[in-house]
2 protein chains.
Amino acid sequence: MVKENICNCKDCEKGWPVFKVLGKEELEYLNSNRFEAGFKPGEVIFKQGSPASNVVFLLSGMAKIYMEGQGDRNLIVDIVRPGKMIVGPGIYTDQRNMYTVSALNEVRACFIDSGVIKKMVRQSSAFAEGFITDISYRSEYSLNKLMSMTQKKMPGRVAEILLYLSDSVFESDEFDLFLSRQELADMAGMAKESIVRILKEFSIEGIIDSGCSRLKINDKVKLNMISMNG
Amino acid sequence: MVKENICNCKDCEKGWPVFKVLGKEELEYLNSNRFEAGFKPGEVIFKQGSPASNVVFLLSGMAKIYMEGQGDRNLIVDIVRPGKMIVGPGIYTDQRNMYTVSALNEVRACFIDSGVIKKMVRQSSAFAEGFITDISYRSEYSLNKLMSMTQKKMPGRVAEILLYLSDSVFESDEFDLFLSRQELADMAGMAKESIVRILKEFSIEGIIDSGCSRLKINDKVKLNMISMNG
DNA sequence: GCCTCATGTTGATATTTATCAACGATAAGC
DNA sequence: GCTTATCGTTGATAAATATCAACATGAGGC
């Protein structure tokens with residue numbers, strides 16, 4: 001594992017866009033208060049219930065954010081790539097992580113102390129506004145998810161997550177799925193057997209081609225219709 | 001309908017606690033940029049999809065916050081009383097209301113322009129921090145709700161909303177329910193027939209006494225167990 | 001007072017979804 | 001190489017939940 005930091009906030013390409021509003025001094029302060037670490041697939045980056053001491057940014061790789069329920073039942077809230085801030089509401093409430101984040105593949109991550117982020121919020125109103133905007137989008141996402149989960153039936157929810165993966169995560173109609181069937185099920189809130197059947201159904205209808213880990217979306221229009229109509 | 005404002009931000013008892021961090025001048029500015037309005041039961045205070053031009057505070061009465069789905073299927077996100085800020089993520093994203101808010105009984109509400117709130121966020125870092133803390137609690141609430149909705153079975157969800165109403169809304173073990181069975185169903189994400197059966201079941205077991213609009217919780221411990229175990 | 005409409009309630013039934021069991025395939029350990 | 005564990009897949013079954021239909025109940029209009 002590489003111990004030293006290999007990048008610098010000043011010229012971080014993979015960084016969070018809101019950092020751009022900070023001045024040179026603030027970026028230097030940020031840079032001197034951060035740590036990088038590497039993670040192997042499956043390793044936990046931070047754990048639900050533990051102190052929310054850091055905000056995390058991926059420099060490379062992908063991670064899943066999930067809430068752990070009773071008896072192995074997890075709910076995957078999001079799949080993240082570099083460019084997104086990984087932070088829970090805990091840093092402004094009870095100082096605890098509301099969810100676990102773990103690496104899906106080889107990950108390099110940047111840790112910034114929560115206190116440093118909160119300091120930036122106090123110091124720069126532009127940063128505060130950017131921060132609020134970011135968490136507002138996150139809220140919209142959760143509320144929409146809440147709506148889908150309660151009102152859509154299984155095929156609608158599966159169509160929705162396939163579209164989400166394609167549009168917002170992989171940004172392509174064909175991609176290598178890093179996710180097992182169990183993980184897809186945890187995203188859509190259903191049993192793994194159910195998602196297997198639905199993916200097969202979609203395959204038979206020609207909407208998708210689903211090899212074991214590769215997934216290709218053939219008919220986005222139809223998928224959208226299924227997602228819409230629940 | 002009373003047209004004039006009947007209270008003043010400076011000595012508002014029902015106000016949002018975070019306003020206390022503002023100075024006298026800022027409170028006066030706030031006070032000169034707000035409007036009060038009255039609503040009858042059932043009337044819409046603001047509507048999903050419309051511009052998120054205002055942040056609302058109840059001065060008296062209660063309201064339901066709900067997302068409208070397809071074909072009369074609504075999801076009640078929260079029940080609010082005075083002291084809470086009613087604001088959606090929209091003021092920091094696409095300027096649209098993500099949900100509808102409507103009066104459950106006679107309501108008097110205070111409207112503050114979103115721009116004014118955003119200005120306060122920029123002007124006062126303490127206000128910004130209070131604002132972020134508030135929406136962070138809201139996020140935790142949504143995420144917990146997402147978890148319950150996807151992982152708990154109906155009795156667990158019903159137990160949960162009864163406890164929520166008792167602990168966080170009415171702050172009593174016995175209260176007049178302003179909500180119809182349909183509305184309770186919309187809170188728990190189920191059919192109204194289902195909630196009728198579950199409430200009856202709880203009644204038979206002696207956990208609650210449920211007259212038509214009055215509800216009394218007899219056995220909070222048991223209700224908690226049902227809520228926990230899903 | 002009576003009628004009408006909305007809401008609450010109940011039972012029967014259909015649909016959706018999870019669980020269970022079995023098996024094949026694939027990858028890791030010895 | 002074999003063994004073991006994990007994952008994906010399938011069919012059968014059970015459980016959870018919604019829908020439908022019917023009827024009761026209660027409030028408001030006239």
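Residue numbering restarts at 1 for every chain, and letters A, B, ... go by the order of the sequence lines.
Going from atom CG of B:L215 over to atom C1' of C:dG8 covers 15 Å, rounded to whole Å. In this entry the distance linking CG of B:D72 with C1' of C:dA6 reads 14 Å, nearest Å. Remark: C1' of D:dA14 and NZ of B:K153 are 12 Å apart, rounded to the nearest angstrom. In this entry the distance linking CD of B:Q151 with P of C:dA18 reads 11 Å, nearest Å. Whole-Å rounding puts the B:I198 CD1 to D:dA18 P distance at 8 Å. Computed from coordinates, the A:Q182 CD to D:dT9 C1' distance equals 14 Å when rounded to whole Å. The distance between atom CE of B:M154 and atom C1' of D:dA15, rounded to the nearest whole Å, is 11 Å. Put simply, CG on A:L177 is 13 Å from C1' on D:dG8, counting in whole angstrom units.
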For salt bridge (charged side-chain N to carboxylate O under 4.0 Å, His left out), just list the numbers for A:R138 and A:D78, CA-CA rounded to whole Å, side-chain angles, deciding distance to a tenth of an Å, and then say yes or no. CA-CA 10 Å; A:R138 212 175 294 261; A:D78 206 358; over 6 Å; no

Apply side chain to side chain donor-acceptor pair (under 3.5 Å) to B:K200 and B:S210, showing your working. CA-CA 8 Å; B:K200 194 186 174 193; B:S210 124; over 6 Å; no

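Taking 4.5 Å as the limit, some side-chain heavy atom of A:I45 sits within range of a side-chain heavy atom of A:F111.
Nearest to the side-chain atoms of A:R157 among the listed nucleotides C:dT17, D:dA16, C:dT9 stands C:dT17.
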Which nucleotides of nucleotides 19-25 of chain D have their base under 4.0 Å from a protein heavy atom (B), which only their sugar-phosphate (S), and which neither (-), written as one string 5' to 3'? BB-----

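Exactly one of A:M67, A:Q48, A:K64 qualifies for a side-chain contact (heavy atoms from CB on, under 4.5 Å) with A:T100. That residue is A:Q48. Residue A:L165 is tested with A:L215, A:I217, A:L177 for a side-chain contact (heavy atoms from CB on, under 4.5 Å); the sole match is A:L177.
With the nearest nucleotide of DNA chain C identified for both B:L199 and A:M190, B:L199 has the one nearer the 5' end.
Between B:E140 and B:N144, the side chains place no donor N or O within less than 3.5 Å of an acceptor N or O (distance only, hydrogens not considered).
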